[in-house]
Amino acid sequence: MRASTPVARWTWGRSDDSGDDLTLCLHDVLAAHSVLAAHGFATADAEVRLSVAERGKPQNLIFRGTLRTVDDPENFARTVRAHLGDCPTGPVDAHLLCDGTLASTDGDTLHRGLFELRASAYAGFVSVELVTLHDAWMPYDLKGRTQGDGYPANAARLAAALPALADALDSETDPDDRCRFSRPTTTGADNLYEEDGTPSDVWATFEVPRRYDKFTHAPGFGRIGYRRSVDGEVEYVPVLGKHGLLGYLWASDTENAASFEPRDVGDDDTYGAGLRWLERLRTAHDRGLTPTQALRQLTTLPNEEGAGHVDPSTTPRRTHLDALRDRVADH
């Protein structure tokens, strides 16, 4: 299962005066990527995003660029230095998403964003951070259910990769503190357990409420896009997927609000569809449409990327938003 926030995190760090910060950052991020690729947790060719901040002004980036992990890092470093010139530099940061394979009963399957890898160097200190949103390394999934047949292989590969990273980075593995989803260790991650010894259903406790929050609270403390919650009536239409109802698209001109009410936010397909409707609503807002204008225009869109569709014969209905949410909960 894949959460929307980190399931586990590990870091490495050391002081090193053997090179400048750019060299250190590039060396460590590429060394870490090479280890992950050797264990099947990253593809050989991946994009690295690198940024350099101005000294004393970390929010002011004086360089942004990308390189491929198969490129020559020395050539890239020369290009960066030529761009920077004599400008005093601050932290150098590198970031890449690792697409890797997980074992399962159907064999190895490629997963996008299996790990997130970051490296940062400043004043001769370089650190590397590895983050995963997946639970494949733990004996029980995030719902507290026993993992499938692929778990032993996945756990063993991570248990081998973490010490290899420590060797490549010349630093001890530092697992993060216990988080909402797991207890990271130097060789992987352990589940969280209830007092009676049963594995915790952290999916229902933490992941589902976090996902649902996106549909009820607009970003930017409610200042970006339409509001996503109202106290009164709304117009709404059902959105259908290949297996039936995905949720409801609703709008209120009175409250300048519009959102998507998902039927089952814990389901990845439903959640993904709901996020696409939120993106569409944001675009409509930026175009200057009122919420109900957006509702009527968006209902004509086809089913793209699993977003679902609205039956063309459907006429928007009205109800109190609380009643609509109760209807979804009881569906």
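Keep in mind it's a predicted model, so treat the numbers as computed, not measured.
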With side chain to side chain donor-acceptor pair (under 3.5 Å) as the test, would you mind laying out the steps for Arg287 and Gln297 before giving the verdict? CA-CA 12 Å; Arg287 290 169 49 209; Gln297 286 198 14; 3.1 Å; yes

Working for side chain to side chain donor-acceptor pair (under 3.5 Å), residues Tyr248 and Arg325: CA-CA 9 Å; Tyr248 295 93; Arg325 288 173 172 167; over 6 Å; no

Parallel, tilted or perpendicular, judged at 30° and 60°: which one describes the rings of Phe41 and Trp137? perpendicular

Are Leu321 and Val237 connected, step by step, through hydrophobic side chains (Ile, Leu, Val, Met, Phe, Trp, Tyr) whose heavy atoms are closer than 4.5 Å? no

Pro139 versus Asn191: any side-chain heavy-atom pair under 4.5 Å? yes

Pairing of Asp135 and Arg145 as salt bridge, 4.0 angstrom limit: no

Rounded at 0.5 Å granularity, tell me how far CG in Asp167 sits from CG in Asp170. 8.5 Å

What verdict does the side-chain contact (heavy atoms from CB on, under 4.5 Å) test give for Val265 and Thr270, after you've listed the backbone C-alpha separation in whole Å, the side-chain angles of each residue and the deciding distance to 0.1 Å? CA-CA 6 Å; Val265 75; Thr270 302; over 6 Å; no

Is it true that the side chains of Asp311 and Thr314 contain a donor and an acceptor less than 3.5 Å apart? no

Between Arg317 and Glu235, is there a salt bridge with N-O shorter than 4.0 Å? no

Under 3.5 Å, is there a donor on one side chain and an acceptor on the other for Tyr212 and Glu207? no

Which is it for Ser127 and Trp12 under the side chain to side chain donor-acceptor pair (under 3.5 Å) test, yes or no, and what are the steps along the way? CA-CA 6 Å; Ser127 62; Trp12 298 262; over 6 Å; no

Residues Arg68 and Asp45 bridged, charged N to O under 4.0 Å: yes

Is a donor from one side chain sitting under 3.5 angstrom from an acceptor on the other, for Thr283 and Asp286? no

Going by the side chain to side chain donor-acceptor pair (under 3.5 Å) test, which pairs reach into residues 97-108, not counting sequence neighbours? Asp99-Arg112, Thr101-Arg157

So do Leu246 and Trp277 actually touch side chain to side chain, heavy atoms under 4.5 Å? no

Please verify the inter-ring angle class for Phe76 with Phe63; under 30° counts as parallel, over 60° as perpendicular, anything in between as tilted. perpendicular

Give a yes or no on whether Arg2 atom CZ has more than 12 heavy-atom contacts from other residues, nucleotides or ligands under 6.0 Å away. yes

What's the spacing between Asp141 CG and Asp201 CG if we round to 0.5 Å? 8.5 Å

Quick one: do the Glu194 and Ser200 side chains pair a donor with an acceptor below 3.5 Å? yes

Salt-bridge criterion met for Arg183 and Asp176 (N-O under 4.0 Å): no

Approximate separation, where rounding is to 0.5 Å, of Thr43 OG1 and Glu47 CD: 11.0 Å

Could you go through the side-chain contact (heavy atoms from CB on, under 4.5 Å) check for Ser259 and Thr216 one step at a time? CA-CA 8 Å; Ser259 186; Thr216 58; over 6 Å; no

State whether Arg228 and Glu261 are salt-bridged, where the test is any N-O pair (Lys NZ or Arg NE/NH1/NH2 against Asp/Glu carboxylate O) under 4.0 Å. no

Is Leu289 reachable from Val230 through a run of hydrophobic residues whose side-chain heavy atoms are each under 4.5 Å from the next? no

Distance check, rounded to the nearest 0.5 Å: Arg9 atom CZ versus Leu133 atom CG? 9.5 Å

Result of checking Leu36, Val131, Leu30 against Leu117 for side-chain contact (heavy atoms from CB on, under 4.5 Å): Leu36

By ring-ring contact (aromatic ring centres under 6.0 Å, His included), which residues pair with His39, not counting sequence neighbours? none

List the steps and the verdict of side chain to side chain donor-acceptor pair (under 3.5 Å) for Thr23 and Arg81. CA-CA 11 Å; Thr23 300; Arg81 292 190 184 98; 2.9 Å; yes

